[in-house]
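Here the structure comes first, spelled out in structure tokens, and everything after it is commentary.
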Amino acid sequence: MRHWRKKREALDLEAELRANRPEARRELVHRLEARVRDSRRSRAGSFRVAFAGALAAGVLAALASVGGLGYAAQTTGSAVDKATRVVQSKGVLVVKKSPARDQYGPKKKAKKKAKARKKAKGRRFARPPFTG
């Protein structure tokens, strides 16, 4: 790699060509720059606005022809209604009786029996039920 760099520095043709290339007068460069800026602003801005307007008109015409505007308005209204229902807070709903509460809730009878088993001295505990 170093050997290649040494050859590059010795020949360095690119730097020599760049240093000796002809340059345009500043006046010419400024005139060209001003002409490009003026033409670019007026044409590009008006074309973009016209294109956006034509595209919007085409979409509205297509939706109106198949009844899509009424469907879109109805869907938007129902979405707003659902969103307001979700956002409104009605308080916390506590369920007194449910299968989950029955299964995972505190078991008062089972705790009393377990305490009675622990207190009994000399009595062996029963095997757990077969689950498999």
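Source: prediction; values computed, not measured.
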Side-chain donor-acceptor distances from residues 50-62 under 3.5 Å, at least two apart:
none

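Annotation: salt bridge (Lys or Arg N to Asp or Glu O under 4.0 Å) contacts of Glu16 (sequence neighbours excluded): none. The side-chain contact (heavy atoms from CB on, under 4.5 Å) check on Glu27 picks up Arg31, with sequence neighbours excluded. Legend: residues meeting side-chain contact (heavy atoms from CB on, under 4.5 Å) with Arg18, ordered by chain and number and at least two apart, are Glu14, Arg21.
Other residues sharing a hydrophobic cluster with Leu28 under the 4.5 Å side-chain heavy-atom criterion for ILVMFWY residues are Leu32.
Applying the side-chain hydrogen bond (donor to acceptor under 3.5 Å, both in side chains) test to residues at least two apart or on different chains, none of the pairs has a partner in residues 57-80.
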